[in-house]
Amino acid sequence: MNDLSRDPAVFADYVAPSWFHELASGLSIRAQFAMTGNVRDLFPVRGASEIDFVPFDTAVWRVLRQKGCAALLLHDPVEGLRLHPDCDPRFEAALTECGISLGTIARTPAETATLATQIMGESRAPMALMLDYASTVVRQDPDEVARLFIAMDKAARRPAPQRPEIGWACPPRNPVLWIVDRPGDLPDWFTARNPALRDIAISTPDLGDRISFVTAMSRRLSDHAEMSLETRQEKIEQFAVRCEGMTLTDMRSVVDLARAEKIGLSDIGEALRSYRLGTTRNPWTSSVMRTRVKNAKSILDGRVKGQPLALERTYDILVRSIMGLSGAQTTSRGNRPRGVLFFVGPTGVGKTELAKAVAEVMFGDETAMYRFDMSEFMAENSIGRMIGPPPGAPGHENGGDLVNSVRARPFSVFLFDEIEKGHPRILDTFLQILDDGRVSDSRGETGYFSESLIIFTSNIGMVGGDRSANAGQNVLPSDSRDVLQEKLLRAVGDHFRFELKRPELMNRLGQNIVPFEFINSQSAGVIFNAVLKRVINAVKEEHGIDVLLTDEAKDTLMGLCTFELIDGGRGIGNRIESNFINPLARLLFQRDGTRRLRVVGIDTSGQEAKLLVN
């Protein structure tokens, strides 16, 4: 018999999972246990000469055996009642003597009650019953389920049966272990303040268990023997840290994938990435992406005007991302997003446009971007859209938009527009993404952001608290570049630290904040010309009509569209729409068959602008 209490030198670092002790100590006073959580995983137990990693039922049996149980009976709705394979097969004779038939399938609550109460009340043989997939039983007819738990409650409250002399210490009664999906699957009245029942949550493995497991599994990898002990231990610890939140079963699959792909311990992170994302393809290491990033400045500058410092800062972060050095100063950099950008500044200056341009640079297509307008997530319950409604709520089975998106397309840009409008609970989700590079939805599905770019936009700092001066504006077009950036950075820090009380989120953003400037008269002219050219090209493509403007007409239109710059490029575009696109559309609609239109002036004397043509 393996004794969990012995401590030879080979097991000096062994620490049993906490639920082992919780179960062991409860057997002397509890009749039933409700066990939830990570019950389909592997668990460390002492073997003959090393730590073994065994399935949940085997780990339970090791604890039960140490506490004096002679057998563990397993039951589920498919295989029925059976003896755990590690138990002495001679125990079947004792079961027959007690009138317990292996192979019995309890399909209904009534049959479950009969089987469980019979085993609980049996005094001749110390054993335990594990009711696996018990949640399927409690979801049947409510009246029958109620009678089941009344019977189980009454059985647990009866005095323990008098056992015959068996020669060793054992639990006073035969315990029943309910293996359920969620703690709430058992009736509240049955579980709440019930001294005969103990809830035990089985957590995912801690770092120590993960390190022990990887140490054992790493022997299967090709470069294990070639490494020095120091290097091997360093790689093992790095891998175990990156596997936070994963089960040992998942980690075993990662090692199996590494063996199949001929990946050694030195590059085990690649196998982990492939396992999480479901693909061995990695665009970040492709020569195509490197070429595109080398040409990024021209692509970004072609789409966003008047923001040279923002473009330069964005380019630096993109280069850092493609080199895999984002968060290089942290221990968890391999899990964190490839890059994070926080665009802050006046409205209409190109923040969203730059996000689209980044998607075009990195993935060749601006549609490789998922955009979340945070004004749609202002209410607390709106988080259900992002990570899925809670169990039982409509749409729960569909999961959340955020997790579904990253699972479908992990190599993407995720844009969270106007982040300051999101509910604080949603900001906690962002903290998990920035810190751990992952988030789980209400179904338990996990999305990984380790290959994604995260972009936030914000207008934080544009309006101050004092409205007695500058109409409440904190940042003014007249501010110098240095003053504007200093105001914006301070405002962002104050917003997260003092208003939202989320200083940790500010810490994760670090030096990734990219301030945007107001549009000045020079950049306004560049934006005007770019938008006007876009409109003229659209008319040519859509209708085959050449639209020409004289210098006088163009100067007049520019004056109408750029006289006010507080609204940025968006304001310029809106005024082009009202002063040029609308009258042009009316004119083209009236002049069917026109192939060339020459605009010589713009009449704004009426309520609507009119184009003067010849």
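What you see below is based on every heavy atom in this structure, not just the backbone, and it leaves out hydrogens, waters and symmetry mates. Throughout, residue positions are numbered sequentially from 1 according to the sequence presented.
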Applying the side-chain contact (heavy atoms from CB on, under 4.5 Å) test to Val304, which of Ile299, Thr314, Leu311 qualifies? Leu311
Looking only at heavy atoms, the pair that brings Ala609 and Pro583 closest together is O-CB, 3.3 Å
Between Phe343 and Ala355, the two heavy atoms sitting closest are CE1-N, 4.0 Å
Rounded to the nearest 0.5 Å, how far does CD of Glu261 lie from CG of Asp267? 12.5 Å
So, does Ser523 use its side chain to make a donor-acceptor pair with the main chain of Ile519 at under 3.5 Å? no
Look only at the side chain of Arg508 and the backbone of Glu504, and say whether a donor-acceptor pair between them is shorter than 3.5 Å. yes
If we ignore hydrogens and angles and just use 3.5 Å, is the side chain of Ser135 paired with the main-chain N or O of Asp181 as donor and acceptor? yes
Let me confirm one number: the CG-CD distance from Asp479 to Glu517, rounded to the nearest 0.5 Å. 11.0 Å
Would you indicate whether the side-chain heavy atoms of Leu587 and Lys610 approach each other to under 4.5 Å? no
For a 4.5 angstrom cut-off between non-hydrogen side-chain atoms, does Arg40 reach Thr249? no
If I take atom CZ from residue Arg481 and atom CG from residue Asn520, how far apart are they, to the nearest 0.5 angstrom? 8.5 Å
Between the main-chain N or O of Val413 and the side-chain N or O of Ser452, is there a donor-acceptor pair closer than 3.5 Å? no
So, Lys305 side chain and Asp301 main chain: donor-acceptor pair closer than 3.5 Å or not? yes
Show the nearest heavy-atom pair for residues Pro205 and Asp41, with the distance to one decimal. CD-OD2, 3.7 Å
How about CG on Asp551, more than 12 heavy atoms from neighbouring residues, nucleotides or ligands closer than 6.0 Å, or not? no
Return the CD to CZ distance between Gln485 and Phe516, rounded to the nearest 0.5 Å. 11.0 Å
Member of Leu434, Asp436, Val340, Val439 meeting the side-chain contact (heavy atoms from CB on, under 4.5 Å) criterion with Phe449: Val439
For Glu237, does the CD atom sit with more than 12 other heavy atoms under 6.0 Å from it, leaving out its own atoms? no
Given side chains that start at C-beta, do those of Ile576 and Ile572 come closer than 4.5 Å, heavy atoms only? yes
Run the salt-bridge test on Arg385 and Glu376 with the 4.0 Å N-O cut-off and return the result as yes or no. yes
Can a donor-acceptor pair be found between the side chains of Thr247 and Thr204 at a distance below 3.5 Å? no
Ring centres of Phe456 and Phe430 under 6.0 Å apart? yes
Out of curiosity, Thr550 OG1 to Asn614 CG, how far, rounded to the nearest 0.5 Å? 8.5 Å
Would you sort out whether Leu354 and Gln307 count as a side-chain contact (heavy atoms from CB on, under 4.5 Å), showing the intermediate values? CA-CA 10 Å; Leu354 183 54; Gln307 301 293 340; over 6 Å; no
Do Asn295 and Ser298 get their side chains close enough for a donor-acceptor pair, meaning under 3.5 Å? no
Heavy-atom closest pair, residues Leu277 and Pro410: CD2-CB, 3.6 Å
Would you indicate whether the side-chain heavy atoms of Thr594 and His543 approach each other to under 4.5 Å? no
Within this structure, what is the CD1-CD1 distance for the pair Ile419 and Ile426, rounded to the nearest 0.5 Å? 10.0 Å
Looking at Glu445, is its backbone amide N or carbonyl O close enough to the side chain of Arg407 to form a donor-acceptor pair, meaning the two atoms are under 3.5 Å apart? no
For Glu608 and Arg586: C-alpha separation, side-chain torsions, deciding distance, then whether salt bridge (charged side-chain N to carboxylate O under 4.0 Å, His left out) applies. CA-CA 11 Å; Glu608 297 177 340; Arg586 291 193 298 268; 3.7 Å; yes
Decide yes or no for Asp401 and Phe372: does some side-chain heavy atom of the first lie under 4.5 Å from some side-chain heavy atom of the second? yes
4.5 Å side-chain heavy-atom contact, Glu360 and Met369: no
So which atom in Phe416 and which in Met386 form the shortest heavy-atom distance, rounded to 0.1 Å? CE2-CE, 4.4 Å
Can you check whether Glu552's main-chain N or O pairs, donor with acceptor, with Asp555's side chain at less than 3.5 Å? no
Whether over 12 other heavy atoms sit under 6.0 Å from Gln522 CD: no
For Arg276 against Met246, the heavy-atom pair lying closest together: NH2-SD, 3.5 Å
Judged by atom type as modelled, is there a donor-acceptor pair below 3.5 Å linking the side chain of Asp494 to the main-chain atoms of Ala491? no
Check whether any side-chain heavy atom of Arg443 lies under 4.5 Å from a side-chain heavy atom of His396, and answer yes or no. yes
Is a donor from one side chain sitting under 3.5 angstrom from an acceptor on the other, for Glu420 and Ser458? yes
Validation row: Arg210, Leu207 side chains within 4.5 angstrom (heavy atoms): yes
For Asp603 and Ser605, does a side-chain donor sit closer than 3.5 Å to a side-chain acceptor? yes
Under 4.0 Å between a side-chain nitrogen and a carboxylate oxygen: does that hold for Asp373 and Lys421? no
When you measure from the side chain of Lys351 to the backbone N and O of Gly345, does any donor-acceptor pair fall under 3.5 Å? yes
Arg292 side-chain N/O to Val361 backbone N/O, donor-acceptor pair under 3.5 Å: yes
With side-chain contact (heavy atoms from CB on, under 4.5 Å) as the test, would you mind laying out the steps for Asn512 and Arg320 before giving the verdict? CA-CA 11 Å; Asn512 297 301; Arg320 190 175 70 199; 2.6 Å; yes
Run the numbers on Asp482 and Ser480 for side-chain hydrogen bond (donor to acceptor under 3.5 Å, both in side chains), then give the verdict. CA-CA 5 Å; Asp482 291 341; Ser480 68; 5.6 Å; no
Cationic tip of Arg409 within the cone over Phe363's six-membered ring, i.e. under 6.0 Å and within 45° of the normal? no
Decide if atom NZ of Lys487 counts as having more than 12 heavy atoms of other residues, nucleotides or ligands within a radius under 6.0 Å. yes
Presence of salt bridge, Lys540 and Asp546, under 4.0 angstrom: yes
Residue pair Arg570 / Thr347, side-chain donor-acceptor N/O under 3.5 Å: yes
Run the numbers on Asp567 and Asn574 for side-chain contact (heavy atoms from CB on, under 4.5 Å), then give the verdict. CA-CA 10 Å; Asp567 294 328; Asn574 291 339; over 6 Å; no
If the threshold is 4.0 Å, N to carboxylate O, is there a salt bridge linking Arg502 and Asp428? yes
Using a 6.0 Å cut-off, check whether atom CZ of Arg591 has over 12 heavy atoms from anything other than its own residue. no
